[in-house]
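Structure first, then comments.
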2 protein chains.
Amino acid sequence: MTEPERLRADAVRNRTAILRATEELLTRHHPQQISMEQVAAAAGVGKGTVFHRFGSRYGLMRALMQERAQDLEIAINTGPPPLGQGAPPRVRLLAFLTAVVELVARNKGLLAALGPAAPVTAAPEQEPREAHPVYRSWHGHISQLVHQQRPDLDADMLAHVLLATLHSEPILNALERGDGNRLDRTLRDLVTGLMPE
Amino acid sequence: MTEPERLRADAVRNRTAILRATEELLTRHHPQQISMEQVAAAAGVGKGTVFHRFGSRYGLMRALMQERAQDLEIAINTGPPPLGQGAPPRVRLLAFLTAVVELVARNKGLLAALGPAAPVTAAPEQEPREAHPVYRSWHGHISQLVHQQRPDLDADMLAHVLLATLHSEPILNALERGDGNRLDRTLRDLVTGLMPE
DNA sequence: AATGCTACTGGACCGCTGGTCCAGTTGTCG
DNA sequence: CGACAACTGGACCAGCGGTCCAGTAGCATT
(Lines give C-alpha, C1' and ligand atoms only; values in the text may rest on other atoms or scores of the structure.)
Protein backbone atom coordinates (compact mmCIF):
# COMPACT_ATOMS: atom_id res chain seq x y z
CA MET A 1 0.00 0.00 0.00
CA THR A 2 1.56 3.25 1.21
CA GLU A 3 5.28 3.00 1.88
CA PRO A 4 6.33 3.60 5.49
CA GLU A 5 7.96 6.87 4.38
CA ARG A 6 10.96 7.24 6.67
CA LEU A 7 10.29 9.97 9.22
CA ARG A 8 12.63 11.72 11.57
CA ALA A 9 12.50 10.61 15.20
CA ASP A 10 10.88 13.79 16.50
CA ALA A 11 8.41 13.73 13.65
CA VAL A 12 7.29 10.24 14.61
CA ARG A 13 6.96 11.25 18.23
CA ASN A 14 4.84 14.27 17.38
CA ARG A 15 2.74 12.34 14.90
CA THR A 16 1.62 9.84 17.50
CA ALA A 17 1.21 12.57 20.10
CA ILE A 18 -1.18 14.37 17.77
CA LEU A 19 -3.14 11.21 16.98
CA ARG A 20 -3.47 10.31 20.65
CA ALA A 21 -4.57 13.83 21.54
CA THR A 22 -7.18 13.82 18.79
CA GLU A 23 -8.44 10.47 19.95
CA GLU A 24 -8.75 11.71 23.49
CA LEU A 25 -10.57 14.88 22.45
CA LEU A 26 -12.99 12.88 20.33
CA THR A 27 -14.13 10.85 23.32
CA ARG A 28 -15.26 14.02 25.06
CA HIS A 29 -16.44 16.37 22.31
CA HIS A 30 -18.41 16.23 19.11
CA PRO A 31 -16.03 16.28 16.16
CA GLN A 32 -17.19 19.63 14.86
CA GLN A 33 -16.42 21.29 18.17
CA ILE A 34 -12.78 20.30 18.06
CA SER A 35 -10.52 22.89 16.50
CA MET A 36 -7.13 22.15 15.08
CA GLU A 37 -5.64 24.59 17.55
CA GLN A 38 -7.09 22.57 20.41
CA VAL A 39 -5.60 19.43 18.94
CA ALA A 40 -2.19 21.06 18.64
CA ALA A 41 -2.34 22.40 22.18
CA ALA A 42 -3.48 19.06 23.59
CA ALA A 43 -0.63 17.32 21.80
CA GLY A 44 1.84 19.89 23.04
CA VAL A 45 2.94 21.03 19.57
CA GLY A 46 2.37 24.06 17.36
CA LYS A 47 -0.43 24.30 14.87
CA GLY A 48 2.03 24.35 11.99
CA THR A 49 3.26 20.92 12.97
CA VAL A 50 -0.21 19.44 12.78
CA PHE A 51 -0.77 20.80 9.30
CA HIS A 52 2.70 19.93 8.11
CA ARG A 53 2.07 16.30 9.01
CA PHE A 54 -1.59 15.82 8.09
CA GLY A 55 -2.25 18.55 5.57
CA SER A 56 -5.74 19.38 6.77
CA ARG A 57 -8.40 18.57 9.25
CA TYR A 58 -9.68 15.91 6.90
CA GLY A 59 -6.22 14.36 6.57
CA LEU A 60 -5.93 14.09 10.33
CA MET A 61 -9.27 12.37 10.70
CA ARG A 62 -8.52 10.06 7.82
CA ALA A 63 -5.20 9.01 9.32
CA LEU A 64 -6.86 8.27 12.63
CA MET A 65 -9.57 6.27 10.94
CA GLN A 66 -7.08 4.27 8.96
CA GLU A 67 -5.20 3.41 12.11
CA ARG A 68 -8.38 2.23 13.77
CA ALA A 69 -9.45 0.15 10.82
CA GLN A 70 -6.15 -1.59 10.32
CA ASP A 71 -6.82 -4.59 12.54
CA LEU A 72 -10.12 -5.31 10.85
CA GLU A 73 -8.50 -4.98 7.45
CA ILE A 74 -5.93 -7.61 8.38
CA ALA A 75 -8.53 -9.93 9.85
CA ILE A 76 -10.48 -9.82 6.59
CA ASN A 77 -7.58 -10.36 4.26
CA THR A 78 -5.42 -12.87 6.07
CA GLY A 79 -7.33 -13.91 9.19
CA PRO A 80 -9.39 -17.04 9.90
CA PRO A 81 -13.10 -17.48 9.11
CA PRO A 82 -15.75 -16.26 9.58
CA LEU A 83 -14.16 -12.83 8.96
CA GLY A 84 -11.39 -14.18 6.74
CA GLN A 85 -11.72 -16.35 3.69
CA GLY A 86 -13.21 -19.81 4.08
CA ALA A 87 -16.75 -19.23 5.30
CA PRO A 88 -19.70 -18.80 2.92
CA PRO A 89 -20.35 -15.21 1.78
CA ARG A 90 -23.47 -14.78 3.88
CA VAL A 91 -21.65 -15.75 7.07
CA ARG A 92 -18.66 -13.59 6.23
CA LEU A 93 -20.90 -10.62 5.56
CA LEU A 94 -22.74 -11.00 8.85
CA ALA A 95 -19.47 -11.33 10.73
CA PHE A 96 -18.09 -8.28 8.95
CA LEU A 97 -21.11 -6.13 9.73
CA THR A 98 -20.92 -7.09 13.38
CA ALA A 99 -17.25 -6.16 13.45
CA VAL A 100 -17.83 -2.85 11.75
CA VAL A 101 -20.66 -1.88 14.05
CA GLU A 102 -18.49 -2.68 17.01
CA LEU A 103 -15.60 -0.71 15.59
CA VAL A 104 -17.75 2.32 14.92
CA ALA A 105 -19.41 2.12 18.30
CA ARG A 106 -16.02 2.28 19.96
CA ASN A 107 -15.05 5.29 17.82
CA LYS A 108 -18.22 7.27 17.91
CA GLY A 109 -17.65 10.57 16.24
CA LEU A 110 -14.95 9.49 13.86
CA LEU A 111 -17.14 8.48 10.97
CA ALA A 112 -19.27 11.54 11.46
CA ALA A 113 -16.15 13.66 11.29
CA LEU A 114 -15.05 12.06 8.06
CA GLY A 115 -18.24 12.39 6.10
CA PRO A 116 -18.73 16.14 6.06
CA ALA A 117 -15.02 16.86 6.51
CA ALA A 118 -14.27 15.68 2.99
CA PRO A 119 -12.33 18.04 0.69
CA VAL A 120 -14.78 20.91 0.70
CA THR A 121 -12.07 23.52 0.37
CA ALA A 122 -10.23 24.83 -2.65
CA ALA A 123 -11.66 23.78 -6.01
CA PRO A 124 -14.75 25.86 -6.69
CA GLU A 125 -16.58 23.29 -8.78
CA GLN A 126 -15.67 19.79 -7.86
CA GLU A 127 -16.68 16.38 -9.04
CA PRO A 128 -18.26 13.60 -6.94
CA ARG A 129 -15.49 13.70 -4.37
CA GLU A 130 -13.65 10.48 -3.60
CA ALA A 131 -14.60 8.59 -0.47
CA HIS A 132 -11.82 7.95 2.02
CA PRO A 133 -9.82 4.72 1.71
CA VAL A 134 -11.47 2.95 4.61
CA TYR A 135 -14.90 3.51 3.13
CA ARG A 136 -13.69 2.28 -0.23
CA SER A 137 -12.28 -0.85 1.29
CA TRP A 138 -15.40 -1.64 3.28
CA HIS A 139 -17.66 -0.94 0.35
CA GLY A 140 -15.62 -3.21 -1.89
CA HIS A 141 -15.68 -6.03 0.62
CA ILE A 142 -19.43 -5.89 1.17
CA SER A 143 -20.37 -5.62 -2.46
CA GLN A 144 -18.10 -8.50 -3.37
CA LEU A 145 -19.66 -10.77 -0.76
CA VAL A 146 -23.16 -9.83 -1.80
CA HIS A 147 -22.36 -10.40 -5.42
CA GLN A 148 -21.01 -13.87 -4.75
CA GLN A 149 -24.27 -15.10 -3.33
CA ARG A 150 -26.80 -12.88 -5.10
CA PRO A 151 -25.40 -11.78 -8.46
CA ASP A 152 -28.88 -10.65 -9.44
CA LEU A 153 -28.85 -7.82 -6.87
CA ASP A 154 -27.32 -4.35 -7.25
CA ALA A 155 -24.48 -5.20 -4.90
CA ASP A 156 -22.80 -1.85 -5.34
CA MET A 157 -25.82 0.18 -4.25
CA LEU A 158 -26.72 -2.26 -1.52
CA ALA A 159 -23.25 -1.89 -0.01
CA HIS A 160 -23.65 1.88 -0.01
CA VAL A 161 -27.01 1.56 1.72
CA LEU A 162 -25.62 -0.71 4.41
CA LEU A 163 -22.68 1.59 5.04
CA ALA A 164 -24.86 4.69 5.00
CA THR A 165 -25.97 3.55 8.42
CA LEU A 166 -22.66 4.64 9.85
CA HIS A 167 -22.94 8.22 8.63
CA SER A 168 -26.32 8.85 10.21
CA GLU A 169 -26.47 11.16 13.20
CA PRO A 170 -29.44 9.46 14.86
CA ILE A 171 -27.78 6.08 14.57
CA LEU A 172 -24.47 7.33 15.88
CA ASN A 173 -26.37 8.74 18.83
CA ALA A 174 -27.97 5.36 19.37
CA LEU A 175 -24.55 3.72 19.31
CA GLU A 176 -23.34 6.23 21.86
CA ARG A 177 -26.13 5.10 24.12
CA GLY A 178 -24.96 1.53 23.82
CA ASP A 179 -27.53 0.34 21.31
CA GLY A 180 -24.92 -1.36 19.17
CA ASN A 181 -26.57 -4.73 19.47
CA ARG A 182 -29.90 -3.32 18.29
CA LEU A 183 -28.22 -1.99 15.17
CA ASP A 184 -26.39 -5.24 14.68
CA ARG A 185 -29.60 -7.24 14.93
CA THR A 186 -31.40 -4.97 12.50
CA LEU A 187 -28.62 -5.23 9.94
CA ARG A 188 -28.63 -9.02 10.36
CA ASP A 189 -32.37 -9.09 9.76
CA LEU A 190 -31.97 -7.05 6.61
CA VAL A 191 -29.17 -9.18 5.23
CA THR A 192 -30.85 -12.42 6.17
CA GLY A 193 -33.95 -11.30 4.33
CA LEU A 194 -31.94 -10.99 1.14
CA MET A 195 -29.49 -13.83 1.63
CA PRO A 196 -31.32 -16.78 3.15
CA GLU A 197 -29.35 -19.84 4.13
CA MET B 1 -49.19 22.86 13.41
CA THR B 2 -47.34 26.18 13.44
CA GLU B 3 -49.52 29.26 13.20
CA PRO B 4 -48.99 31.38 10.10
CA GLU B 5 -47.55 34.15 12.30
CA ARG B 6 -48.62 37.36 10.62
CA LEU B 7 -45.61 38.93 8.88
CA ARG B 8 -45.20 42.33 7.42
CA ALA B 9 -45.45 42.57 3.64
CA ASP B 10 -41.76 43.30 3.08
CA ALA B 11 -40.82 40.55 5.51
CA VAL B 12 -42.81 38.02 3.50
CA ARG B 13 -41.25 39.25 0.29
CA ASN B 14 -37.73 38.96 1.70
CA ARG B 15 -38.42 35.59 3.26
CA THR B 16 -39.37 34.02 -0.02
CA ALA B 17 -36.54 35.84 -1.81
CA ILE B 18 -34.07 34.29 0.62
CA LEU B 19 -35.55 30.81 0.25
CA ARG B 20 -35.51 31.01 -3.53
CA ALA B 21 -31.94 32.27 -3.57
CA THR B 22 -30.81 29.47 -1.29
CA GLU B 23 -32.58 26.97 -3.46
CA GLU B 24 -30.86 28.31 -6.51
CA LEU B 25 -27.42 28.30 -4.90
CA LEU B 26 -27.92 24.73 -3.74
CA THR B 27 -28.43 23.53 -7.28
CA ARG B 28 -24.99 24.78 -8.23
CA HIS B 29 -22.83 24.39 -5.11
CA HIS B 30 -22.28 21.90 -2.35
CA PRO B 31 -24.08 23.05 0.77
CA GLN B 32 -20.91 23.60 2.78
CA GLN B 33 -19.56 25.99 0.18
CA ILE B 34 -22.51 28.32 0.50
CA SER B 35 -22.01 31.11 3.00
CA MET B 36 -24.81 33.03 4.59
CA GLU B 37 -23.36 36.18 3.09
CA GLN B 38 -23.68 34.69 -0.37
CA VAL B 39 -27.28 33.80 0.35
CA ALA B 40 -28.01 37.32 1.51
CA ALA B 41 -26.31 38.85 -1.52
CA ALA B 42 -28.09 36.51 -3.93
CA ALA B 43 -31.42 37.37 -2.34
CA GLY B 44 -30.65 41.08 -2.52
CA VAL B 45 -30.90 41.64 1.24
CA GLY B 46 -28.53 42.25 4.12
CA LYS B 47 -27.05 39.49 6.22
CA GLY B 48 -28.90 40.72 9.28
CA THR B 49 -32.22 40.11 7.55
CA VAL B 50 -31.37 36.48 6.89
CA PHE B 51 -30.50 35.86 10.51
CA HIS B 52 -33.41 37.87 11.84
CA ARG B 53 -35.80 35.64 9.90
CA PHE B 54 -34.17 32.21 10.19
CA GLY B 55 -32.00 32.50 13.27
CA SER B 56 -29.11 30.47 11.92
CA ARG B 57 -27.79 28.55 8.98
CA TYR B 58 -29.51 25.48 10.34
CA GLY B 59 -32.81 27.33 10.65
CA LEU B 60 -32.65 28.40 7.03
CA MET B 61 -31.99 24.89 5.79
CA ARG B 62 -34.70 23.48 7.99
CA ALA B 63 -37.25 25.96 6.70
CA LEU B 64 -36.38 25.11 3.13
CA MET B 65 -36.63 21.40 3.84
CA GLN B 66 -39.98 21.79 5.50
CA GLU B 67 -41.31 23.66 2.52
CA ARG B 68 -40.12 20.92 0.20
CA ALA B 69 -41.58 18.13 2.30
CA GLN B 70 -44.98 19.70 2.74
CA ASP B 71 -46.65 18.12 -0.26
CA LEU B 72 -45.50 14.64 0.70
CA GLU B 73 -46.70 15.19 4.25
CA ILE B 74 -50.17 16.06 3.00
CA ALA B 75 -50.26 13.11 0.62
CA ILE B 76 -49.49 10.74 3.48
CA ASN B 77 -51.96 12.13 5.96
CA THR B 78 -54.97 12.96 3.84
CA GLY B 79 -54.26 11.72 0.31
CA PRO B 80 -55.42 8.58 -1.49
CA PRO B 81 -53.67 5.18 -1.37
CA PRO B 82 -51.07 3.88 -1.83
CA LEU B 83 -49.38 6.84 -0.09
CA GLY B 84 -52.37 7.69 2.04
CA GLN B 85 -54.37 5.42 4.29
CA GLY B 86 -56.16 2.47 2.79
CA ALA B 87 -53.44 0.29 1.30
CA PRO B 88 -51.67 -2.46 3.28
CA PRO B 89 -48.60 -1.32 5.24
CA ARG B 90 -46.12 -3.01 2.92
CA VAL B 91 -47.51 -1.21 -0.11
CA ARG B 92 -47.70 2.12 1.69
CA LEU B 93 -44.10 1.76 2.82
CA LEU B 94 -42.84 0.99 -0.67
CA ALA B 95 -44.78 3.92 -2.10
CA PHE B 96 -43.43 6.19 0.62
CA LEU B 97 -39.83 5.16 0.04
CA THR B 98 -40.18 5.79 -3.67
CA ALA B 99 -41.62 9.22 -2.99
CA VAL B 100 -38.88 10.11 -0.54
CA VAL B 101 -36.12 9.00 -2.87
CA GLU B 102 -37.61 11.08 -5.61
CA LEU B 103 -37.96 14.08 -3.32
CA VAL B 104 -34.37 13.84 -2.14
CA ALA B 105 -33.07 13.31 -5.64
CA ARG B 106 -34.70 16.55 -6.69
CA ASN B 107 -33.17 18.36 -3.72
CA LYS B 108 -29.70 16.91 -3.68
CA GLY B 109 -27.66 18.68 -1.08
CA LEU B 110 -30.46 19.65 1.22
CA LEU B 111 -30.42 16.58 3.41
CA ALA B 112 -26.66 16.67 3.53
CA ALA B 113 -26.83 20.26 4.65
CA LEU B 114 -29.22 19.43 7.44
CA GLY B 115 -27.37 16.54 9.00
CA PRO B 116 -24.10 18.19 9.94
CA ALA B 117 -25.67 21.64 10.25
CA ALA B 118 -27.54 20.63 13.38
CA PRO B 119 -27.12 22.83 16.47
CA VAL B 120 -23.39 22.42 16.89
CA THR B 121 -22.93 25.88 18.31
CA ALA B 122 -23.39 27.20 21.81
CA ALA B 123 -23.77 24.54 24.51
CA PRO B 124 -20.35 23.03 25.21
CA GLU B 125 -21.61 19.59 26.26
CA GLN B 126 -24.81 18.69 24.54
CA GLU B 127 -27.10 15.74 24.64
CA PRO B 128 -28.22 13.61 21.67
CA ARG B 129 -29.40 16.58 19.66
CA GLU B 130 -32.92 16.51 18.29
CA ALA B 131 -33.45 15.60 14.68
CA HIS B 132 -35.24 18.13 12.51
CA PRO B 133 -39.03 17.88 12.19
CA VAL B 134 -39.03 16.39 8.72
CA TYR B 135 -36.76 13.56 9.79
CA ARG B 136 -38.92 12.95 12.82
CA SER B 137 -42.02 12.77 10.71
CA TRP B 138 -40.53 10.40 8.16
CA HIS B 139 -39.06 8.19 10.84
CA GLY B 140 -42.38 7.96 12.66
CA HIS B 141 -44.22 7.07 9.48
CA ILE B 142 -41.83 4.31 8.48
CA SER B 143 -41.55 2.73 11.90
CA GLN B 144 -45.31 2.72 12.29
CA LEU B 145 -45.84 0.96 8.96
CA VAL B 146 -43.14 -1.60 9.72
CA HIS B 147 -44.59 -2.26 13.14
CA GLN B 148 -48.05 -2.89 11.73
CA GLN B 149 -46.88 -5.75 9.59
CA ARG B 150 -43.88 -7.05 11.54
CA PRO B 151 -44.31 -6.23 15.23
CA ASP B 152 -41.47 -8.62 15.99
CA LEU B 153 -38.90 -6.37 14.31
CA ASP B 154 -37.10 -3.38 15.81
CA ALA B 155 -39.13 -0.95 13.74
CA ASP B 156 -37.52 2.09 15.31
CA MET B 157 -33.98 1.10 14.40
CA LEU B 158 -34.99 -0.21 11.01
CA ALA B 159 -36.55 3.14 10.16
CA HIS B 160 -33.31 4.88 11.12
CA VAL B 161 -31.35 2.52 8.92
CA LEU B 162 -33.58 3.12 5.93
CA LEU B 163 -33.41 6.87 6.37
CA ALA B 164 -29.66 6.83 6.94
CA THR B 165 -29.45 6.24 3.23
CA LEU B 166 -30.35 9.85 2.62
CA HIS B 167 -27.51 11.25 4.72
CA SER B 168 -24.78 9.35 2.91
CA GLU B 169 -22.43 11.30 0.68
CA PRO B 170 -21.80 8.45 -1.78
CA ILE B 171 -25.50 7.85 -2.18
CA LEU B 172 -26.27 11.52 -2.64
CA ASN B 173 -23.62 11.57 -5.33
CA ALA B 174 -25.27 8.61 -6.99
CA LEU B 175 -28.61 10.42 -6.90
CA GLU B 176 -26.99 13.44 -8.46
CA ARG B 177 -25.91 11.21 -11.32
CA GLY B 178 -29.49 10.11 -11.84
CA ASP B 179 -29.27 6.74 -10.13
CA GLY B 180 -32.46 7.32 -8.20
CA ASN B 181 -34.12 4.26 -9.62
CA ARG B 182 -31.19 2.06 -8.58
CA LEU B 183 -31.57 3.27 -5.01
CA ASP B 184 -35.30 2.81 -5.16
CA ARG B 185 -34.94 -0.76 -6.38
CA THR B 186 -32.42 -1.59 -3.71
CA LEU B 187 -34.64 -0.25 -0.96
CA ARG B 188 -37.58 -2.19 -2.39
CA ASP B 189 -35.49 -5.36 -2.36
CA LEU B 190 -34.56 -4.79 1.26
CA VAL B 191 -38.11 -4.09 2.39
CA THR B 192 -39.55 -6.93 0.36
CA GLY B 193 -37.07 -9.28 2.00
CA LEU B 194 -38.47 -8.39 5.40
CA MET B 195 -42.11 -7.86 4.50
CA PRO B 196 -43.12 -10.51 1.99
CA GLU B 197 -46.60 -10.35 0.51
C1' DA C 1 -53.72 62.19 5.18
C1' DA C 2 -51.13 62.43 8.93
C1' DT C 3 -49.09 60.21 13.00
C1' DG C 4 -46.94 57.05 16.09
C1' DC C 5 -45.54 52.64 17.10
C1' DT C 6 -42.75 48.89 16.16
C1' DA C 7 -41.24 45.20 13.28
C1' DC C 8 -38.09 44.96 10.00
C1' DT C 9 -33.64 46.05 7.61
C1' DG C 10 -28.69 45.95 6.40
C1' DG C 11 -23.99 46.57 6.96
C1' DA C 12 -20.30 47.38 10.31
C1' DC C 13 -18.50 44.61 13.58
C1' DC C 14 -16.75 40.48 16.60
C1' DG C 15 -14.49 36.22 17.91
C1' DC C 16 -12.86 32.27 16.04
C1' DT C 17 -11.61 29.00 12.54
C1' DG C 18 -8.82 26.28 9.07
C1' DG C 19 -4.94 26.96 6.71
C1' DT C 20 -0.29 29.46 5.28
C1' DC C 21 4.31 31.09 5.97
C1' DC C 22 8.94 31.23 7.18
C1' DA C 23 12.83 32.09 10.42
C1' DG C 24 14.85 29.24 13.54
C1' DT C 25 15.91 24.51 15.35
C1' DT C 26 17.27 19.76 15.36
C1' DG C 27 17.86 15.08 13.70
C1' DT C 28 20.60 12.45 10.29
C1' DC C 29 24.12 10.95 7.35
C1' DG C 30 28.55 11.19 4.92
C1' DC D 1 31.85 17.02 13.11
C1' DG D 2 29.84 19.72 9.67
C1' DA D 3 26.19 20.73 6.54
C1' DC D 4 21.88 20.20 4.78
C1' DA D 5 17.22 19.11 4.71
C1' DA D 6 13.36 18.04 7.40
C1' DC D 7 10.91 19.52 10.98
C1' DT D 8 8.88 22.98 14.23
C1' DG D 9 5.75 26.56 16.11
C1' DG D 10 3.58 30.75 16.48
C1' DA D 11 2.46 35.04 14.06
C1' DC D 12 -0.44 35.85 10.51
C1' DC D 13 -4.44 35.88 7.03
C1' DA D 14 -8.95 35.68 4.80
C1' DG D 15 -13.38 34.28 5.54
C1' DC D 16 -16.97 32.42 8.33
C1' DG D 17 -21.40 32.38 11.35
C1' DG D 18 -23.56 35.24 14.17
C1' DT D 19 -24.59 39.92 16.80
C1' DC D 20 -25.87 44.66 17.13
C1' DC D 21 -28.26 48.74 16.58
C1' DA D 22 -29.28 53.13 14.20
C1' DG D 23 -32.20 53.95 10.55
C1' DT D 24 -36.35 52.78 7.68
C1' DA D 25 -40.82 51.71 6.31
C1' DG D 26 -45.25 49.03 6.88
C1' DC D 27 -49.51 49.07 9.40
C1' DA D 28 -53.27 50.60 12.59
C1' DT D 29 -55.66 54.25 14.31
C1' DT D 30 -57.47 58.67 13.92
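Labels below follow one simple rule: chain letters A, B, ... track the order of the sequence lines, proteins then strands, and each chain is numbered from 1. Below, all heavy atoms of this structure are taken into account, side chains as well, without hydrogens, waters or symmetry copies.
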Would you please confirm or rule out a distance under 4.0 Å between OP1 or OP2 of [N] and any side-chain N or O of [X]?
X	N	value
R57(B)	dG17(D)	yes
T49(B)	dG10(C)	yes
N14(A)	dC7(D)	no

Write down the distance between [atom1] ([X]) and [atom2] ([N]), rounded to a whole number of angstrom.
X	N	atom1	atom2	answer
M61(A)	dG19(C)	CE	P	11 Å
Q33(B)	dG15(D)	CD	P	14 Å
K47(A)	dA11(D)	NZ	C1'	10 Å
F51(A)	dT17(C)	CZ	P	11 Å
D10(A)	dT28(C)	CG	P	7 Å
E37(A)	dG18(C)	CD	P	8 Å
F54(B)	dG18(D)	CZ	P	14 Å
L7(A)	dT8(D)	CG	C1'	14 Å

Look up atom CZ in R106(B) and atom CG in L175(B), then write down how far apart they are to the nearest 0.5 Å.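 With rounding to 0.5 Å, CZ (R106(B)) is 12.0 Å from CG (L175(B)).
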
Notebook entry, point to check: Looking at NE2 of H139(B) and CG of D156(B), how far apart are the two atoms once the value is rounded to the nearest 0.5 Å?
Noted result: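 Going from NE2 on H139(B) over to CG on D156(B), the span is 4.0 Å.
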
Counting any heavy atom closer than 4.0 Å, what does S35(A) reach on the DNA or RNA strands: base, sugar-phosphate only, or nothing?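 The answer is sugar-phosphate, as S35(A) gets under 4.0 Å only of primed atoms, P, OP1 or OP2.
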
(message) Once you apply a heavy-atom cut-off of 4.0 Å, does I34(B) come out as touching a base, just sugar-phosphate, or nothing?
(response)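 Counting heavy atoms under 4.0 Å across all strands, the contact made by I34(B) is with sugar-phosphate only.
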
Shortest non-hydrogen contact between V39(A) and A21(A), atoms and distance =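 Smallest interatomic distance, heavy atoms only, reads O-CB, 4.1 Å.
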
**OP:** Would you mind telling me which residue lines up with the more 5' stretch of DNA chain C, R8(B) or G46(B), judged by nearest nucleotide?
**Re:**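 Its nucleotide being nearer the 5' end, the pick is R8(B).
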
Let me know, please, whether H52(B) or Q38(A) comes out on the 5' side of the other along DNA chain C by nearest nucleotide.
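It is H52(B) whose nearest nucleotide is closer to the 5' end.
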
Please tell me whether T98(B) and D184(B) have a donor and an acceptor in their side chains that are separated by less than 3.5 angstrom.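 Judged by distance alone, the side chains do pair up.
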
Parallel under 30°, tilted from 30 to 60°, perpendicular over 60°: which one fits the rings of F96(B) and H141(B)?
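Rings of F96(B) and H141(B): perpendicular, over 60°.
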
